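Values below: every heavy atom of this structure, side chains too, minus hydrogens, waters and symmetry copies. Fair warning: this is a prediction, and the values are worked out from it, not measured in the lab.
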Amino acid sequence: MTELTDYKVRKGVPIWALILIVGAAAVITGVITALIANVAENKGEASVTYIQYDVLTSTSYDPVEWSQNFPRQYKGWAATETFKPTAHAPALVPHEASDVDPRTETASSKLVEDPRLLTLWAGNIFSKDYRHLRGHWYAYTDQNYTLRVLEAPGKGQPAACLNCHASLPGIVDALGNGDREAGWSAMNLLTYAEGKEYADDRPLGCIDCHNPENMELTITRPALVNAMAAMKAEQGIANYDVNRDASVNEMRALICAQCHVEYYFAPDPDPDIFLRVVTFPWKYGLDIDDSWDYYQEINFADFTNTKTGARQLKAQHPEYEIWSTSIHAANGVTCADCHMPYQRVGSQKTSNHEIMSPMANISGTCGACHTASDQVL
């Protein structure tokens, strides 16, 4: 009998072990419960694109109005005020401030770095001043004070320059009393000095690329709307509307093509009318031969070289056209994928609105597709 009792005691679980097991089970249960709750919370957070604190409208021109709803994107946009060095523009250069131009520093001059441009562009306004770019924050400021504006002959530069160097919706709304098409037509009759009076010193902002009602990417520049319609019509596609007919992925490049393209100012046939309309030479397509055919058809030249007497075309900045024939475009990789790469903050994925060189974040840009090291890339 004693042996049997001793056996049962030995086979039983000690109290301290039972307490330990129950405690461990409680801890594990708590961890699992917290994990499930966290996953559910993150899924819920990820499914919310944004929280609407402020109601945005078609007249929400100031990016600050968008900052409450989109703090991360606004922070990125605001960061374009900070100069980001690149291999081509490693530093800003000192600039002597004056009553005409208050800047104390500017981007370096390409004319100084490559004096051949002075001969190539003799007689063209770009031979006066041509500098590396700074962030979108400075698109309006640097345009106002470039010598191309300050020392432009005759009536000066046209207000058409504001298409890309200022926040356009507010300007055309003011000129057209809310009718943007009418406002754009009115702006194209003005000089730059006259047109900038409607700009309110606003650089490019949220409303230039997004529909404030649903945040969809939206083309706000009539020049691109017209160019796409003309090119599609030549291809047999009538009544093409880029805002209605382009895919989401196409828009991720077209939104940049509003400004980063080759263009010219189509003048009025009447020399007494100061009309300059931003026009893209896309009728026959996007490569350089297509543009050449178009310019030959309309017998257009940007200027006559004062050294050689030759009528010349001056390519502006055809980044979109060059991209469109690239291996990246063929594989659906857009401007935004490399210049505005996605970044994850908590459980939300947002595009980086700092808009800078892909070389500043190789692992996040090139590395999204390519597995080679940063050094190789």
Side-chain angles (χ1 to χ4, degrees), residues 110-111 114 116-128 130 148 152-155 157-165 184-185 187-189 192 219 221-242 245-246 250 253-254 256-327 329-330 335:
K110 294 185 180 183
L111 299 177
D114 189 353
R116 295 174 299 175
L117 296 175
L118 295 171
T119 299
L120 184 64
W121 293 340
N124 184 275
I125 196 72
F126 273 84
S127 65
K128 287 185 174 292
Y130 180 49
R148 300 195 303 275
K155 292 185 177 181
Q157 290 285 76
C161 296
L162 295 167
N163 273 275
C164 292
H165 289 281
W184 192 66
S185 297
M187 187 189 74
N188 291 330
L189 287 165
Y192 187 85
I219 302 301
R221 268 57 178 177
L224 178 58
V225 174
N226 296 339
M228 290 296 294
M231 181 170 61
K232 294 294 184 178
E234 189 69 19
Q235 298 169 0
I237 303 172
N239 303 315
Y240 183 87
D241 182 336
V242 64
D245 300 327
E250 287 174 327
L254 285 167
C256 305
Q258 295 186 97
C259 295
H260 293 270
V261 292
E262 159 63 354
Y263 70 89
Y264 74 104
F265 292 146
D268 193 282
D270 186 344
D272 294 328
I273 298 178
F274 191 80
L275 173 67
R276 299 293 185 272
V277 182
V278 174
T279 308
F280 302 167
W282 288 3
K283 179 180 178 181
Y284 299 119
L286 296 174
D287 69 33
I288 191 171
D289 293 318
D290 296 326
S291 295
W292 173 252
D293 289 342
Y294 173 81
Y295 284 131
Q296 289 290 92
E297 179 181 276
I298 65 172
N299 191 32
F300 177 82
D302 282 300
F303 71 106
T304 298
N305 192 297
T306 54
K307 291 184 180 293
T308 66
R311 296 175 73 244
Q312 289 184 214
L313 292 168
K314 178 199 170 293
Q316 310 304 329
H317 29 61
E319 291 97 348
Y320 177 78
E321 292 92 334
I322 292 172
W323 164 84
S324 70
T325 60
S326 70
I327 190 67
C335 313

Can you tell me if [X] uses its side chain to pair, donor with acceptor, with the backbone of [Y] under 3.5 Å?
| X | Y | value |
| --- | --- | --- |
| Asn305 | Leu120 | yes |
| Asp114 | Lys110 | no |
| Asn124 | Ser127 | no |

Minimum heavy-atom separation for [X] and [Y], please, with both atom names.
| X | Y | answer |
| --- | --- | --- |
| Phe280 | Val278 | CE2-CG1, 3.8 Å |
| Arg221 | Asn163 | NE-O, 2.6 Å |
| Gln157 | Ala152 | N-CB, 3.7 Å |
| Ala159 | Met187 | CB-O, 3.3 Å |
| Ala246 | Leu254 | CB-CD1, 4.0 Å |
| Lys128 | Leu111 | C-CD1, 3.8 Å |

> Between Phe300 and Tyr264, what is the ring plane arrangement, given parallel below 30°, perpendicular above 60°, and tilted in between?
Replying inline: tilted
>> For Trp323 and Tyr320: C-alpha separation, side-chain torsions, deciding distance, then whether ring-ring contact (aromatic ring centres under 6.0 Å, His included) applies.
In response: CA-CA 5 Å; Trp323 164 84; Tyr320 177 78; 5.4 Å; yes
> Taking the six-membered ring of Tyr130 as reference, does the NZ or CZ atom of Arg148 fall below 6.0 Å from its centre and within a 45° cone about the axis?
Replying inline: no
> Does the pair Ile273 and Leu189 meet the rule for a side-chain contact (heavy atoms from CB on, under 4.5 Å), with working shown?
Replying inline: CA-CA 8 Å; Ile273 298 178; Leu189 287 165; 3.9 Å; yes
Measuring only between side-chain heavy atoms, which start at C-beta, is [X] closer than 4.5 Å to [Y]?
| X | Y | value |
| --- | --- | --- |
| Leu117 | Phe126 | no |
| Glu321 | Trp282 | yes |
| Met231 | Leu286 | yes |
| Asp289 | Tyr284 | no |
| Asp302 | Gln316 | yes |

> Just wondering, are more than 12 heavy atoms of other shown residues or ligands nearer than 6.0 Å to CG in Asn239?
Replying inline: no
> More than 12 non-hydrogen atoms from neighbouring residues, nucleotides or ligands closer than 6.0 Å to NZ on Lys314, yes or no?
Replying inline: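 Yes, enclosed.
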> Stepwise, does the side-chain contact (heavy atoms from CB on, under 4.5 Å) test hold for Phe265 with Asn188?
Replying inline: CA-CA 10 Å; Phe265 292 146; Asn188 291 330; over 6 Å; no
> Between Glu262 and Ile288, does a side-chain contact (heavy atoms from CB on, under 4.5 Å) hold up when you go through it step by step?
Replying inline: CA-CA 10 Å; Glu262 159 63 354; Ile288 191 171; over 6 Å; no
Could you measure the distance from the [atom1] atom of [X] to the [atom2] atom of [Y]? Nearest 0.5 Å is fine.
| X | Y | atom1 | atom2 | result |
| --- | --- | --- | --- | --- |
| Cys164 | His260 | SG | NE2 | 8.0 Å |
| Glu250 | Met228 | CD | CE | 6.5 Å |
| Leu224 | Ile219 | CG | CD1 | 4.5 Å |

